[in-house]
Amino acid sequence: MGWQEMSEEHVEVVVVGSGAGAAPLSGTLVRAGHQVLMLEKGPLLRTQRQSPDGLSDFKRDELFATGAEKRLTVPGMVNVGESFYSSHVEPDLNDEPHVYRELDGTDRATIEGYTAQVVGGGTQLYGGVSLRFTPDDLRLASFNADRVDLVADPGGEVRREARDWPISYDELEPFYSEAERIVGISGTRAGQEKPASADHYQPPLEPNPISRFVAVGMDALGLVRYRTPLAVITRDHAPSGRVVPADHESIKTAFVNRYGDPLGLKSNVWVSVLAPIVDRPNFELRANCVVTHLEVDGARVSRVHYRDPAGNRRTVTAGTVVVACSAIESVRLLQLSGRLDPAFESRINDSGLLGRYFLTHCFGGASAVLPERADKSKSLDSDWATDHCARPDWIRENRLWAGGAIYNNTSDAALPISLARTWQAQDMDNIWKGYLSEAGIIGGGFEDYLDGNFGRRVSVSFMANQVPQRDNRIELHPTARDKWGRPVAYIIKDWHPHDQELMRILAEQCGQILRNAGDGVEFSGQGGVGGQVSRIANHVLGGARFGNVRTDSVLDRDCRAWQFDNLYVTDGAFMPTSGGANPTLTIQANSLRVGEILLARL
Amino acid sequence: MIVPKDDQYVLNQCTRYLARDAIERRHDFGQYDPGDPRAAICEAWRYPVIDSYFDGSSVDSSYGFNAVTFVYDGRSTPASEVAVVGSFAELYAPIQLRQVVFLGQPCGIWAITVRVPKGQVHYYRFLVDGAWGLDPVNPQTVVLDNGRQWSRFFTEACQVPLTFDRRQRELLSRLVSHLLPFRLPENSRFIRGEYEQLDRRSREDRFPLAYRLDEEVGVVNYIDKVLARAERHNADDYGTCLRIIDGVLRARFPGRDPVTLPPEAFAELYEQMATGPDGAVPGWDSGRYGRPKFFLLMLRRHAMTGAFVHPRHGGNSGTAGWVYLESRFRDSQNRTLFDWRAAIEAPLGLNTDYRG
């Protein structure tokens, strides 16, 4: 009997995606006995301990992060014919491009803004920086309500577009603590501008020697610093059952950012949250299954349509549907569903805001070459962080609407090929291009280049709120199609002049840290991403923001789509402002919060 | 020897690359003939899947092998029996593929995983319901002496030339050794000394399949392999440009064999390729290849990668690139500042928690 002849499958909850927004709430529901089916587009790549043959699907191999050359062939793109290099778990750009509209009106397919397509999502490849947002990050409308001093905001848009979240920091705080406990994070608490009711951090490992210079620079400026919270366990982790190698320091390998961890010590949500529940009879994880659209019946999503690993069409009906497959792809899934059925469209987009207020981060930083070399191959992603520029006083002094976090990067360019392929590259779209344009790096020049850079480069980054703008949006591209014939995501965005000023000021702060980092530190430069629209640090947020006012949001405060009884969106799409820090921990905490809400409703 | 792999492993290797409705040629970067259906498949070169092997007990006894997974995509033309026949099995004995199951139903994909020593090249065909055929996905094929075409694969750390002939390898060796730091006299002495110092066991661990260590530390072999598989679309560029470069150097140095020319001859050519506008290399036939700079950029990317890549990919011969960095960069107490052995799996490195 073929599947088509079988009675249609029904489950209590379908979760679309398996990353930071999907996994935590699934854990909550499954442990409470609810039936959850998780559909994930990417593969289930296992750690060495999980794999039946004792070998991980991830390797300490630089070509896993950035593989063979391919060429862009998507019709209509300005970059057709250009080379691109993706990791083994990023989507193939020719199969599933994201398209950005450049400032000159041309369309460019880009790998920026794609999180990994794999069980665990972006948490498999991220650097693991797990900062909280500040209380003020969640109330930027209130914070700016009486301000008349903001720089670069002649039209008053910043104050007009700022939004308070419908929940306060105090409401989110218990879920931050719980996320930190179950995910497994190492770092230090003292000095953070983020109140915490509990400290579940594991002790950090020794900082890489190169970070000493950053500490000197931060101290010289009077910036209170703390060890960057990283989603990497340094001790055995009871909630997930993971154990660490006898030599803790061996956890530092530099195969961190853009690498999956073969030993599962990086706390991606697969190893930390999903693996502990995967054998429960009320949970099923189907990898390699892409959801194509949702079907509506009145106020309920009645059916989820997906392709199985062989590409066959399948459906499942569900009592509740949670969409959490990264902001751009979640919005696209809802838009595709609306394209197929006007009834769906009228419900999901009655505010006209679906896809609107797409957000990323103002980010950038400064870099320097240090007088002493360190072994950067023994590093994690970051050692020191400061919330100095997230303090209300600092924000007001600088006439900004919001602040951000600053931390140093330790693992960038730590390995020989990554040093070369990211040479002068500002993002993943120009991997190899900077190195290739400098003709002198050959022979003896190659030695000079290694002497001058290998193990000697350090950078300091900032991550800060971007001003929400209605016209920054995700649409369906008019012509470009993915490998299933579906329109691909079309991202149209620009920076606000206040963003540019904020990036200038924060880049200067990062620059000051390195200029004060001690004798012999050779300052290389500083800046932000304001010159380009496609640079988004893979932090894709907004597009289906939550709020208390139905005409001003896509989701209610519970992350439920306003006009649906059973449809929730829990990845970064819910955010009305993007926060002054990397977003993953906040997405995880909110997912736990929605999990609690669902427990009361199921 | 059959290696047990579950269906999840096989599907993980298939969905992203094979599952699709599209028939557009979006994956043709110049490597396919018109009409080749592989042009619609993402990274068809991945098949058969070459992966690490572990026998469940000993890294030492496992490290010399790969797990090779053959995949037959029978979704459009259902089969009742699929086998693979190849040079990796004793007496070319057929090995049955099994049906891969999803939700209790065969999904049309067949697979089997076998253990094959590293460093080897093999030929195979599928036997589908009694009919012989090439692997319809893997683009690597070879015509054997008897005139029959077979599908081909090679395992990790393979040193057998597959793309270049001897002459091309020699010329390419000169080109890349000029790019890399290893030809500098002190480094060249170091690299040779490093090899000579090793005891036999260490040599076998680090140079399991490399017979020599030269100035280009395996880069030519890396390029040979990347062009045979993942970047097949760049193979024609190499063939054409090596011919042009050979001709340019012969014209500049009449009566001399280009591979014997002094480094300065290559440096000059390089400079012209790197800095001049396209077509500014005197003697370069831009009708045959219009962008010498583009070729140089690719060569540099490949040289850098091949020198420092994990040796499984055929470059970084005997980890010479890593040892060079390990030795060159030391702190005041003479401790290395590139301790690659700590993270890399034994027996290549020293890490025994991670098996590679």
Side-chain angles (χ1 to χ4, degrees), chain A residues 2-3 42-45 48 52-57 59-63 67-71 73-74 92 94-95 117 245 250 253-255 262-263 287-288 307-312 373-375 377-378 416-417 420 432 435-436 439 441-444 446-447 450 454-455 481-485, chain B residues 3-6 8 11-12 14-16 19-22 26-29 42-43 52 54 56 75 102-103 105 107-109 178-181 183-184 226 230-231 234 270 274-275 297 300-301 304-305 308-310 312-313 321 325 329 336-340 342-345 351 353-356:
Chain A
W3 175 264
L44 170 60
L45 301 185
Q48 201 170 270
D53 58 8
L55 290 167
S56 173
D57 297 313
K59 309 289 184 204
R60 291 175 182 170
D61 177 339
E62 288 206 75
L63 297 196
E69 187 227 22
K70 295 188 277 189
R71 308 245 174 102
T73 59
V74 181
D92 183 88
N94 291 320
D95 279 344
Q117 288 184 1
S250 76
T253 66
F255 289 98
L263 301 186
N288 301 301
R307 300 296 191 106
D308 72 14
N312 300 309
R373 197 181 313 279
D375 189 351
S377 75
K378 291 181 172 177
I417 298 174
W432 280 116
Y435 167 77
L436 296 176
I441 307 177
I442 58 171
F446 198 118
E447 294 223 305
L450 288 172
F454 191 68
R481 297 288 184 273
D482 71 7
K483 68 177 185 176
W484 303 111
Chain B
V3 179
K5 291 276 187 185
D6 61 11
Q8 183 70 62
L11 292 174
N12 287 342
C14 289
T15 303
R16 171 190 159 109
R20 62 202 49 241
D21 287 346
R26 287 203 190 171
H27 303 279
D28 181 3
F29 316 134
C42 177
E43 299 179 18
S52 305
F54 182 55
R75 289 175 300 159
F102 179 72
L103 295 185
Q105 300 275 319
C107 66
I109 291 168
H178 183 73
L179 288 173
L180 297 167
R183 71 170 182 82
L184 302 174
V226 80
E231 293 187 23
N234 287 321
Y270 237 71
T275 56
L297 297 183
R300 292 180 60 204
R301 171 170 64 82
M304 183 67 200
T305 305
F308 298 108
V309 76
H310 191 292
R312 64 156 59 97
H313 300 286
L325 297 174
F329 300 124
T336 182
L337 294 173
F338 183 57
D339 186 11
W340 62 272
I344 297 298
E345 69 278 4
N351 194 301
D353 294 307
Y354 166 59
R355 300 194 185 105

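Computed from a prediction, not measured in an experiment: that's the story for all the values here. Just so we're on the same page: letters track the sequence lines, and every chain starts at 1.
Of the residues considered (Gly311(A), Gly54(A), Gly455(A), Pro262(A)), Gly54(A) shows the highest number of contacts with chain B, using heavy-atom pairs under 4.5 Å. The greatest number of non-hydrogen atom pairs below 4.5 Å with chain B, out of Gln117(A), Gln48(A), Lys378(A), is found for Gln48(A). When the candidates Ala374(A), Gly485(A), Ser56(A) are compared by the number of heavy-atom contacts under 4.5 Å with chain B, Ala374(A) comes out ahead. Among the candidates Ile344(B), Thr336(B), Asn234(B), the residue making the largest number of heavy-atom pairs closer than 4.5 Å to chain A is Asn234(B). Per-residue counts of heavy-atom pairs under 4.5 Å with chain B were compared for Asp57(A), Leu263(A), Leu63(A); the largest is that of Leu63(A). Comparing His313(B), His310(B), Arg75(B) by heavy-atom pairs within less than 4.5 Å of chain A, the highest count is held by His313(B). Between chain A and the residues Gly356(B), Ala342(B), Gly108(B), the largest count of heavy-atom pairs under 4.5 Å involves Gly356(B).
Salt-bridge formation is not detected for the pair Asp95(A)/Arg26(B): no Lys NZ or Arg NE/NH1/NH2 atom is positioned less than 4.0 Å from an Asp or Glu carboxylate oxygen. Taking 4.0 Å as the cut-off between side-chain N and carboxylate O, Arg312(B) and Asp61(A) count as a salt-bridged pair. With respect to the salt-bridge test (charged N to carboxylate O, under 4.0 angstrom), the residues Glu43(B) and Lys70(A) qualify. Under a 4.0 Å N-O distance rule, the pair Arg307(A)/Asp21(B) qualifies as a salt bridge.
No part of Val226(B) comes within reach of chain A, as not one of its non-hydrogen atoms sits under 4.5 angstrom from that chain. Residue contact with chain A, scored on non-hydrogen atoms closer than 4.5 Å, involves the backbone of Asp28(B) exclusively. Heavy-atom distances place both the backbone and the side chain of Asp339(B) under 4.5 Å from chain A. Interface remark: Cys107(B) contributes backbone and side-chain atoms alike to the contact with chain A (heavy atom separation under 4.5 Å). Proximity to chain A (any heavy atom under 4.5 Å) is shown, for Arg355(B), by both the backbone and the side chain.
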Side chain to side chain contact (heavy atoms under 4.5 Å, CB included) between Cys42(B) and Asn94(A), worked out: CA-CA 8 Å; Cys42(B) 177; Asn94(A) 291 320; over 6 Å; no

Derivation and outcome, side chain to side chain contact (heavy atoms under 4.5 Å, CB included), residues Glu62(A) and Val309(B): CA-CA 7 Å; Glu62(A) 288 206 75; Val309(B) 76; over 6 Å; no

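Taking all atoms of both residues into account, the shortest heavy-atom contact from Ala287(A) to Gln8(B) is CB-NE2, 3.7 Å. Taking every heavy atom of both residues into account, Pro416(A) and Met304(B) meet most closely at O-CE, 3.3 Å. Closest approach of Asn12(B) to Leu45(A), counting heavy atoms only: ND2-CD2, 4.1 Å.
Annotation: side chain of Leu450(A) is in contact with side chain of Phe329(B) (closest heavy-atom distance under 4.5 Å). With a 4.5 Å cut-off on side-chain heavy atoms, Asp308(A) and Leu103(B) do not count as touching. Between Ser52(B) and Lys59(A) the shortest side-chain heavy-atom distance falls below 4.5 Å. Side-chain atoms of Thr305(B) and Trp432(A), non-hydrogen and from C-beta on, do get closer than 4.5 Å to each other. Looking only at side-chain heavy atoms (C-beta outward), Asp92(A) and His27(B) come within less than 4.5 Å of each other. For the pair Trp340(B)/Thr253(A), no side-chain contact is recorded, criterion being any heavy-atom separation below 4.5 Å from C-beta on. A 4.5 Å side-chain heavy-atom check between Arg16(B) and Asn288(A) finds every atom pair outside the cut-off. Annotation: side chain of Pro4(B) is not in contact with side chain of Asp53(A) (no heavy-atom distance under 4.5 Å).
Here CZ of Phe308(B) is found 8.5 Å from CD1 of Ile417(A). Values are rounded to the nearest 0.5 Å. From Phe454(A), atom CZ reaches atom CG of Leu325(B) across 5.0 Å, with rounding to the nearest 0.5 Å.
Tyr354(B) places a side-chain N or O within donor-acceptor distance of the main-chain N or O of Arg60(A), the cut-off being under 3.5 Å.
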